[in-house]
Number of protein chains: 2
Amino acid sequence: MTYTIKQVAEKTHLSIYTLRFYDKQGLLPFVSRDQSGYRAFTDGDLLLLHTLSCLKNTGMKISDIRQYMTLVMQGPASIPQRQQLLRTHRDAVLAQQRAIARNLQEVDRKLSLYDSPIATDLVGLELAAARKEKTANGLPDPFSKLI
Amino acid sequence: MTYTIKQVAEKTHLSIYTLRFYDKQGLLPFVSRDQSGYRAFTDGDLLLLHTLSCLKNTGMKISDIRQYMTLVMQGPASIPQRQQLLRTHRDAVLAQQRAIARNLQEVDRKLSLYDSPIATDLVGLELAAARKEKTANGLPDPFSKLI
DNA sequence: ATAAACCCTAGACCATGCTCTAGGGCAACC
DNA sequence: GGTTGCCCTAGAGCATGGTCTAGGGTTTAT
């Protein structure tokens, strides 16, 4: 049992364009062609495609995915390099997740400010201070450009 | 006290290019110009720039940041719209974080497979099965292209 | 045997987010 | 008054990751 590119696109929710693009980028070295030159995806290929999606969805760059898939093609001997690649990626993703969480905290702070019953007053004070700072420095007041 | 674009670049770790690009994109409507047409950043501007960085670092698109900054320029009256924008963004970021965590779990599964003492055997079996699947379907074996 | 519905490649095109270059003005020091 | 070191704009260029078009072959059903 093999699958056409259309069937794989439906299964993976990747577009046919994207699948062909990935192939062109060397991300699908495991996919064979039939007599007509058509890509024939096996179930094993779908598993590798799933791995590819996980790497892509965690933000791995195409060049790194290509490297990983190349290592996969080389069999068990490449396990150490695969480990290193995945571990490096994993660490980068976790660091990025932490950075995003930190930055999102600040967004949350803004949101709780806006949720305050005196939000209007606080924001009004902030605005007044900003305008004052501008004029104190002999600068035009950008907040009145809206008039 | 105001800051030049160079000083702001140093403080924020954004490049001068990026700051000018952001300004061109309408992300810095609050920054005034001095008599020479030079950007003059105030301390209040730096706070807004910090907010901008948080939004950018959590992946908000430039068009949405522009919208937020435009709302900020309008003063307290725009608080409801700001809330909606930030909440939508916050929810999207959290959903994205969860999606990444899910995908990273699969990467971790791969890593623990590679960590297994019988990793070589398991990977070897997988490879053998994949090759068998290809030939069973009358397809060329892509794993021998390396010879 | 011809239409419909697939498949292919090469390469153009696009969106996003910068990054850099060219050409020119301002400001301070020697 | 020239050199240095900033500042400016407009617009070109680039990296990434697709997305689409043109031109052409294959398969299946009628």
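Per chain, numbering begins at 1; letters A, B, ... match sequence-line order.
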key: same_hphob_cluster(B:Leu125, B:Leu113) at 4.5 Å side-chain heavy-atom cutoff   = no
ask   = How close or far is atom C1' of C:dA5 from atom CD of A:Gln7, stated in whole angstroms?
value = 13 Å
task = Please tell me which of the listed nucleotides, C:dC26, D:dC8, D:dT21, lies nearest to the side chain of B:Ser36?
result = C:dC26
query = Choosing from C:dT19, D:dT19, D:dC8, which nucleotide comes nearest the side chain of A:Tyr17?
reply = D:dT19
Under 3.5 Å: donor-acceptor pair, side chain of A:Lys134, backbone of B:Phe30 = yes
key: Below 4.0 Å: OP1/OP2 of C:dC7 and any side-chain N or O of A:Thr4   = yes
Rounded interatomic separation in angstrom, taking CD from A:Gln25 and P from C:dT9 = 13 Å
Below 4.0 Å: OP1/OP2 of D:dT9 and any side-chain N or O of B:Arg39 = yes
note = Winner on side-chain proximity to B:Arg33, out of D:dT9, D:dG17, C:dT9, is D:dT9
ask   = Of all the choices, D:dT21, C:dC8, C:dC18, which nucleotide is nearest to the side chain of A:Ile5 once you look at every atom?
value = C:dC8
key: Separation of C:dG17 C1' from B:Leu19 CG (nearest whole Å)   = 14 Å
remark   = A:Asp34 CG to C:dC6 C1', in whole Å, measures 12 Å
Most 5' of B:Gln35 and B:Ile62 on DNA chain C, judged by nearest nucleotide = B:Ile62
key: Residue A:Lys56, side-chain heavy atoms: nucleotide from C:dT9, C:dC7, D:dG18 that is nearest   = D:dG18
message = Distance check needed: C:dC6 P versus A:Phe41 CZ, whole Å only.
response = 16 Å
query = Under 4.0 angstrom, heavy atoms only, what part of the nucleic acid is B:Arg20 near: base, sugar-phosphate, or nothing?
reply = base
key: Separation of C:dC7 C1' from A:Asp23 CG (nearest whole Å)   = 13 Å
note = Between the CE atom in B:Met69 and the CG atom in B:Leu28, the distance rounded to the nearest 0.5 Å is 8.0 Å
request  = Please confirm whether the backbone N or O of B:Asn103 pairs with a side-chain atom of B:Glu106, one donor and one acceptor, at under 3.5 Å?
outcome  = no
Between P of C:dT19 and CG of B:Leu14, the distance in whole Å = 10 Å
request  = Could you work out which one of D:dT21, D:dG11, D:dG18 sits closest to the side chain of B:Lys24?
outcome  = D:dG11
message = I'd like to know if A:Tyr38 reaches the base of D:dG25 with its side chain, counting only an N/O donor and acceptor under 3.5 Å.
response = yes
query = Does A:Tyr22 have a side-chain nitrogen or oxygen under 4.0 Å from the phosphate oxygens OP1 or OP2 of D:dG18?
reply = yes
ask   = Rounded to the Å, how far apart are A:Ile65 CD1 and D:dT16 P?
value = 13 Å
ask   = For the atom pair CG (B:Asp64) and OG1 (B:Thr88), what is the distance rounded to the nearest 0.5 Å?
value = 9.0 Å
ask   = Among D:dG18, D:dC6, C:dC6, which is the nearest nucleotide to the side chain of A:Lys6?
value = C:dC6
request  = Compare side-chain N and O positions of B:Thr18 against OP1 and OP2 of C:dT19 and report whether any pair is under 4.0 Å apart.
outcome  = yes
key: same_hphob_cluster(B:Leu111, A:Leu94) at 4.5 Å side-chain heavy-atom cutoff   = yes
